[in-house]
Amino acid sequence: SPCGPCHRAVQGRRAMTQIYDRVALIGLGLIASSMFWAMKRNGLAGHVTGYARSAETRDTARRIGLCDTVCDNITDAVANADLIVLAVPVGVMGDSAKDISPFLKPGATVTDVGSVKRRVIDDVGPHIPDGVHFVPAHPMAGTEHSGPEAGFDTLFDNRWCLVVPAPGTPDAATDRVIDFWHGLGSNVDVMEPDHHDLVCAVTSHCPHLIAYTMVGVADDLRRVTDSEVIKYSAAGFRDFTRIAASDPTMWRDVFLSNKYATLEILGRFTE
Ligand code: NAP
């Protein structure tokens, strides 16, 4: 293991059988839609419900067949669900958890896909009722595209998913979430939340911040024209522009929610 006791590699089988009877997706963007298509590809769920806050996203989901049932309210989406996946920006995970809390089935598991773990655990944890399990996770996979039409069934194939179970969670609930992510195509590691946030600050969060800023610098620089930037962009800047096309709301929440680890890495970068 690369970093000692805070990190546990989980060898897994590629599940091709149903793992949950009913799954509810809260938020229907890139990650949730990719999870749906991968669940369908591998038969991981009996029935998948979905909910997103805007009617436009729900209409798009219905049009493209994303979810077995798209619900117009969050209560219907989570009713009887065995697994509830919070797939909204990190800053609103707590609000979504509060909304669903009274309607969760005893024995159900709540998970999330947020890019920051300490903040999500602090915000969501207090809303998890007794008898419901909370197993946070973070798939280390994405693209610069967002929304319900951005997903595809191979997004998680051979990528890592970091599972960060809350203290006291029964092993059976954690193991089922791990099986689920293996079934979606991922490799899985179990990690402590603060370590997760530091690892992601260096591998993902700071690189995004630097890319956004570098594209901003090029935009701001009056002595080099836009056409020169485009014309002479080789791989370096071209990749920065792709990364900087990512959804600003999602990334604003990531930076604000992982402030200390991001600042630590930025400080080292500046030095
Ligand atoms: P996305 O494509 O932008 O979709 C976000 C979803 O959240 C949409 O359904 C949106 O609803 C909903 N939403 C946005 N703001 C909301 C609010 N204030 N209240 C309630 N719902 C709101 O995002 P995504 O890329 O799937 O990211 C979802 C989560 O996955 C985030 O926590 C992110 O940190 C994490 N993640 C992302 C990546 C990546 O590379 N994109 C990778 C790993 C993990 P409407 O469509 O109705 O606006």
Side-chain angles (χ1 to χ4, degrees), residues 24-38 48-64 66-67 70-75 77-78 84-100 110-121 123-124 136-152 154-157 159-164 181 184-186 188-189 191 193 196-197 199-201 203-205 207-209 211-212 242-258 261-262:
L25 299 172
I26 306 302
L28 294 173
L30 166 72
I31 299 296
S33 57
S34 297
M35 290 176 78
F36 175 75
W37 300 121
V48 181
T49 55
Y51 169 80
R53 63 175 172 166
S54 71
E56 187 187 349
T57 296
R58 298 194 300 269
D59 287 347
T60 302
R62 288 187 182 106
R63 177 171 54 77
I64 65 174
L66 172 62
C67 296
V70 177
C71 302
D72 284 326
N73 63 70
I74 201 166
T75 317
V78 302
I84 300 92
V85 183
L86 303 177
V88 294
V90 168
V92 291
M93 292 278 183
D95 293 340
S96 296
K98 188 176 172 197
D99 290 345
I100 62 174
V110 175
T111 188
D112 78 294
V113 294
S115 307
V116 179
K117 292 280 66 100
R118 172 58 67 192
R119 162 124 193 237
V120 170
I121 288 169
D123 288 1
V124 171
H138 175 202
M140 308 284 285
T143 73
E144 68 276 24
H145 303 294
S146 50
E149 295 183 273
F152 52 100
T154 54
L155 177 65
F156 308 112
D157 282 357
R159 307 300 295 271
W160 286 97
C161 180
L162 301 178
V163 172
V164 183
W181 276 103
L184 292 171
S186 293
V188 178
D189 270 348
M191 216 179 255
H196 165 278
D197 289 357
V199 167
C200 290
T203 58
S204 169
H205 303 171
H208 273 83
L209 194 54
Y212 271 124
R242 183 185 60 74
I243 294 170
S246 302
D247 181 64
T249 305
M250 175 199 145
W251 282 100
R252 176 205 60 193
D253 280 12
V254 169
F255 301 136
L256 291 175
S257 304
N258 196 20
T262 304

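No experiment lies behind these values; they were computed from the predicted model shown. Nothing fancy with the numbering, it's 1 onward along the sequence. Computed from heavy atoms alone, side chains included, the values below leave out hydrogens, waters and symmetry copies. Counting convention: from 1, in listed order, for ligands and their atoms alike.
Between His208 and Trp251, the ring-plane angle classifies as parallel under the 30° and 60° cut-offs.
Between atom SG of residue Cys71 and atom OH of residue Tyr51 there is a gap of 10.0 Å, rounded to the nearest 0.5 Å.
In this structure, Arg62 pairs ionically with Asp72, as a charged nitrogen and a carboxylate oxygen lie closer than 4.0 Å.
Near Gly29, meaning under 4.0 Å from any of its heavy atoms, are these atoms of ligand 1: 1 (P), 2 (O), 4 (O), 9 (O), 26 (O). Counting the atoms of ligand 1 from 1 in the order shown, those under 4.0 Å from a heavy atom of Ser146 are 1 (P), 2 (O), 3 (O). Each of the following atoms of ligand 1 lies closer than 4.0 Å to a heavy atom of Gly147: 1 (P), 2 (O). Close contacts between ligand 1 and Met93 involve ligand atoms 32 (O) [criterion: under 4.0 Å to a heavy atom]. Each of the following atoms of ligand 1 lies closer than 4.0 Å to a heavy atom of Gly114: 32 (O). Here is the list of ligand 1 atoms found below 4.0 Å of a heavy atom in Ser54: 45 (P), 46 (O), 47 (O). Taking every non-hydrogen atom of His138 and a distance limit under 4.0 Å, the qualifying atoms of ligand 1 come out as 43 (C), 44 (C). Residue Gly27 approaches ligand 1 through these ligand atoms, each under 4.0 Å from one of its heavy atoms: 9 (O).
Using a 4.5 Å heavy-atom cutoff, the side chains of Leu86 and Val113 are not in contact.
The shortest N/O to N/O separation between Val92 and ligand 1 does not fall below 3.5 Å.
Of all protein heavy atoms, the one closest to atom 35 (C) of ligand 1 is Val113 O, 3.2 Å. Of the protein's non-hydrogen atoms, Met250 CE, 3.8 Å is the one closest to atom 39 (C) of ligand 1. Protein heavy atom closest to atom 29 (C) of ligand 1, with residue, atom name and distance, is Val88 O, 3.6 Å. Protein heavy atom at the shortest distance from atom 40 (O) of ligand 1 is Gly142 CA, 3.3 Å. For atom 34 (O) of ligand 1, the nearest non-hydrogen atom of the protein is Ser115 OG, 2.6 Å. When only non-hydrogen protein atoms are considered, atom 22 (C) of ligand 1 lies nearest to Arg53 NE, 3.5 Å. In this structure, the protein non-hydrogen atom closest to atom 43 (C) of ligand 1 is Pro139 O, 3.2 Å. Nearest protein heavy-atom contact of atom 23 (O) of ligand 1 is Leu30 N, 4.4 Å.
Contact analysis leaves Ser34 out of contact with ligand 1, as no non-hydrogen atom separation drops below 4.0 angstrom. Look at Ala87 and you'll find a heavy atom under 4.0 Å from some atom of ligand 1.
In terms of heavy atoms, Asp197 sits closest to Asn258 at O-ND2, 2.9 Å. Scanning both residues, Gly91 and Asp253, for their nearest heavy atoms gives N-OD2, 2.8 Å. The minimum heavy-atom distance linking Val90 with Val120 is given by the pair CG1-CG2, 3.9 Å. Counting all heavy atoms, side chain and backbone alike, Met191 lies closest to Val164 at O-CG1, 3.3 Å. Residues Leu25 and Phe36 come closest through the heavy atom pair CD1-CB, 4.0 Å.
Remark: of the listed residues Asp112, Val163, Leu162, Asp112 is the sole one forming a side-chain contact (heavy atoms from CB on, under 4.5 Å) with Lys117.
Side-chain atoms of Thr57 and Thr60 form no donor-acceptor pair, as typed in the model, at a separation below 3.5 Å.
Contacts between Ile31 and ligand 1 below 4.0 angstrom, taking non-hydrogen atoms only, involve backbone and side chain alike. Looking at Thr57 against ligand 1, only its side chain comes within 4.0 Å, counting heavy atoms. The part of Ala141 lying near ligand 1 is the backbone, judged by heavy-atom distances below 4.0 Å.
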Checking ring-ring contact (aromatic ring centres under 6.0 Å, His included) for the pair Phe152/Trp37: CA distance, chi angles, key distance, verdict? CA-CA 6 Å; Phe152 52 100; Trp37 300 121; over 10 Å; no
Checking Met140 against Cys161 for the side chain to side chain contact (heavy atoms under 4.5 Å, CB included) test, could you report, in this order, the C-alpha distance in whole Å, the side-chain angles of both residues, the deciding distance, and whether it holds? CA-CA 6 Å; Met140 308 284 285; Cys161 180; over 6 Å; no
